[in-house]
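Below is one structure, written out as structure tokens; the observations come after it.
Atoms within a ligand are numbered from 1 in the order they appear, just like the ligands themselves. Please read all numbers here as calculations on a predicted model, not as lab measurements.
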Amino acid sequence: MPLRSYSKQNAVDAIIKKKKYPITEIAIAQAPVNIALIKYWGKRNEELHLPANDSLSIALDLKTTTILSQASKEDEILLNGVALSENNPFYERTAAFLSLFRPSSNFFFRVETKNEVPTAAGLASSASGFAALVLALNQFLGWEASTQDLSILARLGSGSAARSLFSGFVRWHKGKLDKGEDSYGIHLPDTLSELHFGVLLNATESKKISSNKAMLQTKETSPIYKTWTNQAHLDLATLLRSIEEKNIPLLGQTAERNSLFMHATMQTAWPSICYWNEKTIVALQNVWKAREQGLTVFCTMDAGPNVKLLYPKKEEKSVLALFPSLWCIPLLWE
Ligand code: 2P0
């Protein structure tokens, strides 16, 4: 089969050999939000969400819960208690994903998704949602799939979902194989309980350009895209070393530089992509000023204006004094 025609459905069929009917009436699953310290930005295969570089994340103690059952006439999708209409983009994306697993064409799912964090905070990404959905499908349809396979299936919903199946530090391997059998998340055993995390909420409106579209535009037009993938590879090695050494300053510095490099790469795309607003710049400058004054605090930013802070536990009081609006979120290690 020519690879160009290797679809998501082919990738699913390679794992779930036979479409199955529910073995239970209801399934409930949870998955944590993850924040990348080494970012995923750009794909080597758009259809299969195969990344151009390895990424590495930490899990937050904030979860998405998904309740799955059978619906009668069409898919019913509820987000935080509100039933979504068929032309809602989240509905469309979820229903298209569910179609990969329907036991028959007239079988419909009811999906109830609840986020512990307000969707508007820009943290309840699709990652924890697709990871929780895949875990719920595994129970509902009795797949008994391995976590590795579930990570591959979650990746087909949204790339970064491959990392949301696990607690703690997670490395998502870009893999080398064309069909992506070697591109999944792996839990790293190390913990770093001294590391603390918080978010500065700089805006609540939804993003102007999806990550999916922005990644492609960056890859196709940024003159520094190749340098980004090379640098991300080097950053990953440094970050792994910082975890091994439990070196929070090295971890923070590497994560901050990697995030700034990702943003520089998208800002040099054409048309340029910038997720920041005025508050993002002010927050960044305040982080740099705090460091000049001797505070151990670093930041990372994703596809949005919010700035996330990383710092050692012992600095929390000083960090909160400088950033009183900081929303401290525990990390999830177990
Ligand atoms: C990350 N982001 O590593 C990076 C950093 C946003 C900025 O993964 O196209 O929603 O569904 O694979 O996973 C967001 O991208 O994109 C993301 P698709 P996804 O966390």
Between [X] and [Y], is the ring centre distance below 6.0 Å?
X: Y184; Y: W172; result: no
X: F298; Y: W288; result: no
X: F169; Y: W333; result: yes

Item to check | Contact partition for R93 relative to ligand 1, non-hydrogen atoms under 4.0 Å | outcome: side chain
Hey, does [X] come in under 3.5 Å of ligand 1, counting only N/O atoms on both sides?
X: S55; answer: no
X: Y40; answer: yes
X: N34; answer: no

Checklist entry - How long is the span from the OG atom in S259 to the CG atom in D235, to the nearest 0.5 Å? => result 10.5 Å
Checklist entry - Rounded to the nearest 0.5 Å, what separation is found between the CD atom of E220 and the CE atom of M215? => result 13.5 Å
How far is [atom] from its nearest protein heavy atom, and which residue and atom is that?
atom: atom 5 (C) of ligand 1; result: D302 OD1, 3.4 Å
atom: atom 14 (C) of ligand 1; result: S211 OG, 3.5 Å
atom: atom 20 (O) of ligand 1; result: R163 NH2, 2.8 Å
atom: atom 16 (O) of ligand 1; result: M215 CE, 3.8 Å
atom: atom 10 (O) of ligand 1; result: S158 OG, 3.2 Å

Answer yes when [X] and [Y] have at least one side-chain N-carboxylate O distance shorter than 4.0 Å, and no when they do not.
X: K176; Y: D178; value: no
X: R291; Y: E256; value: yes
X: R110; Y: E112; value: yes

Next on the checklist: Judged on heavy-atom distance to atom 13 (O) of ligand 1, which of S160, A161, G157, G129 sits nearest?
Outcome noted: S160
Can you sort out which atoms of ligand 1 are near [X], meaning under 4.0 Å from one of its heavy atoms?
X: W41; answer: 6 (C), 7 (C)
X: K43; answer: 9 (O), 12 (O), 18 (P)
X: G159; answer: 11 (O), 12 (O), 13 (O), 18 (P)
X: S126; answer: 10 (O)
X: M262; answer: 5 (C), 7 (C)
X: A36; answer: 1 (C), 3 (O), 20 (O)

Next on the checklist: Under the rule for side chain to side chain contact (heavy atoms under 4.5 Å, CB included), what residues qualify as partners of T24, not counting sequence neighbours?
Outcome noted: F140
Item to check | Any donor-acceptor N or O pair under 3.5 Å, side chains S222, T268 | outcome: yes
